[in-house]
Amino acid sequence: MTIHKRSGLLIVFEGTDGTGKSTQHQLLGEYLQKHHYPVISTREPTDGSFGAKIRQLYTNRTMSSPEEELKLFLDDRKQHVEKLIAPALKKGEIVLCDRYFLSTAAYQGAAGFDPETILRRNSFAPDPDLALLFQAPLQTGSERIVHGRGETLNDFEQLDTLKKVAEIFSSLNRPYIQAIDATGSIKTVHKIVLQHVLPLLETFPSSQRIKQ
Ligand code: TYD
């Protein structure tokens, strides 16, 4: 994909809903801050104008066609890359992003598009240095959403859809993807996350760390 000159790191959190990726995102952010790394936490869909439109789809996906829906996710990401991700990477920061283009490949792939075509349509977006793919039985994820958060499943979270989403996630083959067994405790999964992140940090120039 597009080569962007950068000195920061891009770490993304991917997987089906309810696998605990947002909790792990937060924990890694806290860890990096504590160790004086310049870190920015962000997420997709974003809080921008396209993200707001996407959230309206949560309750009724039939409001737009599959192509319109895909375009909204791509427009949201373009804005996100231009305004936040690319400038932060250029400045040498570590960007932690909850969902990125592998989610589009998996979710809009499950809606009928070819996942590789979707990835090509994301060529404007810098490749992550590491994509942590959180995997847990779908039943566990749905139970965490319904019982843990007291929410109902939105239109992206219905079980038959999620089954397809999980299959596509597992089929994606990119050197930066690391599958994470997300069935353990929060602490256990955090340790696994660190096992993947620490080697990357060794490549991070100490001059870019925040002076105490
Ligand atoms: P989610 O991470 O659950 O966000 P929030 O915490 O704001 O609810 O993402 C919302 C849904 O959007 C999720 O079910 C997956 C879906 N999604 C896509 O379908 N395509 C994409 O490209 C992205 C980023 C998310």
Side-chain angles (χ1 to χ4, degrees), residues 1 10-26 28-29 41-81 83-85 95-128 131-136 138 140-146 148-170 172 174 177 180 182:
M1 293 195 184
L10 177 58
I11 301 175
V12 301
F13 294 71
E14 296 280 20
T16 48
D17 307 80
T19 46
K21 62 183 174 43
S22 303
T23 305
Q24 294 301 329
H25 177 199
Q26 193 188 334
L28 181 61
S41 289
T42 186
R43 65 169 183 164
E44 293 186 1
T46 69
D47 294 323
S49 51
F50 294 110
K53 283 192 195 150
I54 290 169
R55 288 203 171 79
Q56 287 173 0
L57 294 180
Y58 282 11
T59 46
N60 185 4
R61 267 183 105 171
T62 56
M63 263 164 44
S64 65
S65 70
E67 176 58 33
E68 282 167 342
E69 179 186 297
L70 171 59
K71 199 150 174 307
L72 276 178
F73 282 109
L74 294 175
D75 286 341
D76 188 39
R77 182 160 308 119
K78 266 186 200 139
Q79 205 177 51
H80 198 199
V81 167
K83 287 201 170 159
L84 191 147
I85 297 178
V95 180
L96 304 184
C97 189
D98 198 338
R99 295 199 183 283
Y100 197 50
F101 57 62
L102 299 179
S103 278
T104 322
Y107 281 83
Q108 280 58 57
F113 292 94
D114 169 46
E116 287 297 330
T117 307
I118 295 175
L119 291 177
R120 276 196 294 279
R121 287 180 69 176
N122 275 279
S123 59
F124 61 86
D127 278 350
L132 299 164
L133 175 55
F134 290 79
Q135 294 179 319
L138 294 177
T140 313
S142 310
E143 276 164 19
R144 281 181 185 163
I145 293 170
V146 177
R149 298 187 210 156
E151 295 170 9
T152 50
L153 299 182
N154 72 38
D155 277 10
F156 290 94
E157 295 166 343
Q158 297 304 322
L159 266 186
D160 47 342
T161 307
L162 284 191
K163 196 163 168 271
K164 270 194 230 158
V165 172
E167 278 167 14
I168 299 174
F169 266 133
S170 301
L172 297 172
R174 291 292 184 281
I177 299 178
I180 302 274

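Numbering of ligands and ligand atoms starts at 1, following listing order.
Nearest protein heavy-atom neighbour of atom 6 (O) of ligand 1: R43 NH1, 4.0 Å. At the shortest separation from atom 23 (C) of ligand 1 among protein heavy atoms lies F73 CE2, 3.4 Å.
Heavy-atom separations between Y58 and ligand 1 include at least one value shorter than 4.0 Å.
Checking only distances, R99 does come within under 3.5 Å of ligand 1, N or O to N or O. Close N/O approach between T104 and ligand 1 is found [any backbone or side-chain N/O within under 3.5 Å]. The shortest N or O to N or O distance between D17 and ligand 1 is below 3.5 Å.
Listed by atom number, the atoms of ligand 1 under 4.0 Å from R77 heavy atoms are 22 (O), 24 (C). Heavy-atom proximity to Q108, at under 4.0 Å, picks out these atoms of ligand 1: 18 (C), 19 (O), 20 (N), 21 (C), 22 (O). Applying the 4.0 Å criterion to heavy atoms of R55 picks out, from ligand 1, the atoms 7 (O). Near K21, the atoms of ligand 1 lying under 4.0 angstrom from a non-hydrogen atom of the residue are 2 (O).
Atom-to-atom distance recorded for Y58:OH and M63:CE is 12.5 Å, nearest 0.5 angstrom. Separating the CD atom in E167 from the OG atom in S170 is a distance of 8.0 Å, to the nearest 0.5 Å.
In this structure, the side chain of N122 does not engage the main chain of A125 through any donor-acceptor pair within 3.5 Å. Side-chain atoms of Q108 never come within 3.5 Å of backbone atoms of I118 as a donor-acceptor pair (strictly under, hydrogens ignored).
Look at R77 and E44 and you find a salt bridge, because one of the NZ, NE, NH1 or NH2 atoms lies within 4.0 Å of a carboxylate O, short of that distance. Electrostatic pairing of K164 and D160 does not count as a salt bridge here, judged by no charged N lying under 4.0 Å from a carboxylate O.
Nearest heavy atom pair, residue H80 against residue C97, reads CE1-SG, 3.8 Å.
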